[in-house]
Colleague: 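Okay, handing you the structure first.
Numbered from 1 within each chain, the chains take letters A, B, ... in sequence-line order.
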There are 2 protein chains.
Amino acid sequence: MTNIRKVAKLAGVSVATVSRTLKTPDVVSPGTRDKVLAAVEQADYRPNLTAVQFRSQRTRNLVVLVPIIANTFFARVIGGIQEAAQRRGYGILLCNTLGDERTERAYAGLVSTRQADGLIQLRAYDPFATSSGKARPPMVNACEVLDEAPCPTVKLDNRAAARAVTEHLLALGHRRIGMIKGPRNSPLTRDRLLGFQDALAAAGLVPDDSLWCPGDFTPPSGHRAADELLSRADPPTAIFCENDEMAMGAMRRIKEAGLRVPEDISVAGFDDIAFASFCDPSLTTIAQPAEDFGREAVALLLDIIDDRDDAADAHRIMPFELVIRESTGPAA
Amino acid sequence: MTNIRKVAKLAGVSVATVSRTLKTPDVVSPGTRDKVLAAVEQADYRPNLTAVQFRSQRTRNLVVLVPIIANTFFARVIGGIQEAAQRRGYGILLCNTLGDERTERAYAGLVSTRQADGLIQLRAYDPFATSSGKARPPMVNACEVLDEAPCPTVKLDNRAAARAVTEHLLALGHRRIGMIKGPRNSPLTRDRLLGFQDALAAAGLVPDDSLWCPGDFTPPSGHRAADELLSRADPPTAIFCENDEMAMGAMRRIKEAGLRVPEDISVAGFDDIAFASFCDPSLTTIAQPAEDFGREAVALLLDIIDDRDDAADAHRIMPFELVIRESTGPAA
DNA sequence: CCGTCAAATGTAACCGGTTACATCGAGAGA
DNA sequence: TCTCTCGATGTAACCGGTTACATTTGACGG
């Protein structure tokens, strides 16, 4: 392996001069610079990054914990993270945790052991919570956010967004509105449920929690939940789904029952994934700037890493937009 | 920072003994082992991974180059890669290249500079092709594979799979079959086109290349391509799309034209993404073991890295399955 | 009681950069 | 001519592990 000493010998200078030529070219004289660069070229020298990282105590890597990478929304967020990180010279170490806290802690260990400079968590769990009382490693919590997050956060105002969807359905005359939720203990689900109730309460309606079915954000779970709602004696006239994947599963089930969307039942989703405008009927949903979640999380994380500590407890609320398409219509 | 020397002092042993206790516990006596482990515990010591990597010349990281992470199929492949890598103690450095060769080469540099031990490329491009004639870093090419790949490969028999889809459409009586292709220079597209032609030729038909529209694997491009096909004087009675995303875009366009799938036009896709069974009508498609592509790629790559060189030019062909659903039916 | 040997442990070199500090040399000012 | 200053470059310590090799210890056979 060609290392810095070989290059130094080749160029007839010291290792320090080689290092300086590559890191701070302006402090070496033009003549030596050229000599060194020629030697670098000739030896096809590339600094050993593990050595650089070791010496400089900086890896320029970020760990990203994502619950399910196969989820279209998260895939977009990761795209945004990756783009922003790359532009700032950082790489990302990806972990598809499947919501397993042991796995999350293991990957968080990459930060504690200096293999990464910081961590972005897309789920409401603090992988450093159990670490003994040392200084917290740099972390940002985005998308699904802890209530008392010990770090900066990036999230949507889920409550307001859910309220907006519900108000849209109410305005169309719906009174019995079903909800296909996410997992029970998720703050995201809790907030969306609150927004849903806010809207009902404002309309003077009493929420009926027998119309709330849990799902797991996948199409099959939406299908199952819709099945449950349809099998009731008094099925809802509209269903608000906590993401588009479940909404597509639900629409499928509704059509299998011989009913039409939106004529018989309206369906609304959440996320505005690429398929939302191409399924049939196209889906009324909440558009979120998924890539921006990722970009913003990276920006905040690098602020902490670079010690711009004014950012240490920033909390960003990202904008949403209600996108009305074909899947919601007047109540029958 | 607590380092190995502090722990050694705390335990009253030498650094070598601490290192051995953690790496090869069986060579230290039980008594010392306990002492050392207690000191490790007390000091909350965790070895600095950058130092370990630097010294041992092994990072236990793999670089993954993915063209578009937001593509559902690739997201599944990455899930498989991540799972397999994690099980073998490796992390993955993800790069969403968007097909940009400069970016791909830059990330490939992480391997050349020893920040990763190997690379998995999911696109038909060799990022090391231009590197001056040194030994090739470990690499595996999966999914979309180079024709003369200088490394192990994992792929589908795209030609046979496309032929199977086409034969299915021919068996249903279709004679004018359109095709929504991928980008022009992709070997994947070329192979699928060949399989398509194989089937037509076997049925004694002459292919009509005016029925082949290029797309870019996204729903909107499928929508546009279908628009083009439908605006012809003699539109096809069936459309074979090179992935499910484009198929969904195409179905959408067909329905917008007031036509029914499959009664007026049949549509077939490729990949069997999660939505394929939940869209309306559900999609006839080719199921690929996406996660297995990832797992297999990791297995081959680690074989090279660990110098089991019998694997150095293994070429795996993964199985496919034609899944017939509602979107294809008898020709009108 | 001594020599031999193996197991346990210690010492220190090493990996490949970075950088504080030392050194050198040329030009300016006295 | 001598000294001072400053820019350019060199020397070597250092980061925190790993590991080859050296040393110590204790058991055992003769």
Colleague: Mind checking which nucleotides bracket the chain B contacts on DNA chain C, 5' to 3', with an atom under 4.0 Å from a heavy atom?
Modeller: C:dA8 to C:dG16
Colleague: Ignoring hydrogens and geometry beyond distance, is a side-chain donor-acceptor pair present between A:D117 and A:T59 at under 3.5 Å?
Modeller: yes
Colleague: Distance check needed: D:dA8 C1' versus A:R33 CZ, whole Å only.
Modeller: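 It is 12 Å, rounded to the nearest whole Å.
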Colleague: Indicate, with a heavy-atom threshold strictly under 4.0 Å, whether A:V18 touches base, sugar-phosphate, or nothing.
Modeller: nothing
Colleague: Between B:K155 and B:E144, does any side-chain N to carboxylate O distance fall below 4.0 Å?
Modeller: no
Colleague: If you pin B:V27 and B:A51 to their nearest nucleotides in DNA chain C, which one's is more 5'?
Modeller: B:V27
Colleague: Contact class for B:S56 (heavy atom, under 4.0 Å): base, sugar-phosphate, or nothing?
Modeller: nothing
Colleague: Checking all strands, does B:Q57 fall into the base, sugar-phosphate, or nothing category for heavy-atom contacts under 4.0 angstrom?
Modeller: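 Sugar-phosphate only.
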Colleague: side-chain contact (heavy atoms from CB on, under 4.5 Å) for B:T50 and A:T50? Distances and angles first, verdict last.
Modeller: CA-CA 6 Å; B:T50 64; A:T50 64; over 6 Å; no
Colleague: Need to verify one output field. Residue with the more 5' nearest nucleotide on DNA chain D, A:D26 or B:R46?
Modeller: A:D26
Colleague: OP1, OP2 of D:dG10 versus side-chain N and O of A:T17: anything below 4.0 Å?
Modeller: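 Looking at the OP1 and OP2 atoms of D:dG10, one of them is under 4.0 Å from a side-chain N or O of A:T17.
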Colleague: With the threshold set at 4.0 Å, does a side-chain nitrogen-carboxylate oxygen contact exist between A:R58 and A:D306?
Modeller: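 Yes, A:R58 and A:D306 are salt-bridged.
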Colleague: Just checking A:T32: base, sugar-phosphate only, or nothing, at a heavy-atom cut-off of under 4.0 Å?
Modeller: sugar-phosphate
Colleague: Does the side-chain contact (heavy atoms from CB on, under 4.5 Å) test come out yes or no for A:V140 and A:T153, once each step is laid out?
Modeller: CA-CA 6 Å; A:V140 167; A:T153 61; over 6 Å; no
Colleague: Which part of the nucleic acid, if any, lies within contact of B:V13, taking any heavy atom under 4.0 Å across all strands shown: a base, the sugar-phosphate backbone alone, or nothing?
Modeller: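 Here B:V13 touches the backbone only, sparing every base.
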Colleague: Should the pair A:E83-A:R87 be classified as a salt bridge under the 4.0 Å nitrogen-to-oxygen rule?
Modeller: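 Counted as a salt bridge, because a side-chain N and a carboxylate O are separated by less than 4.0 Å.
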Colleague: Both B:G12 and A:N3 contact DNA chain C. Taking the nearest nucleotide for each, which residue is further toward the 5' end?
Modeller: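 The residue whose closest nucleotide sits nearer the 5' end is B:G12.
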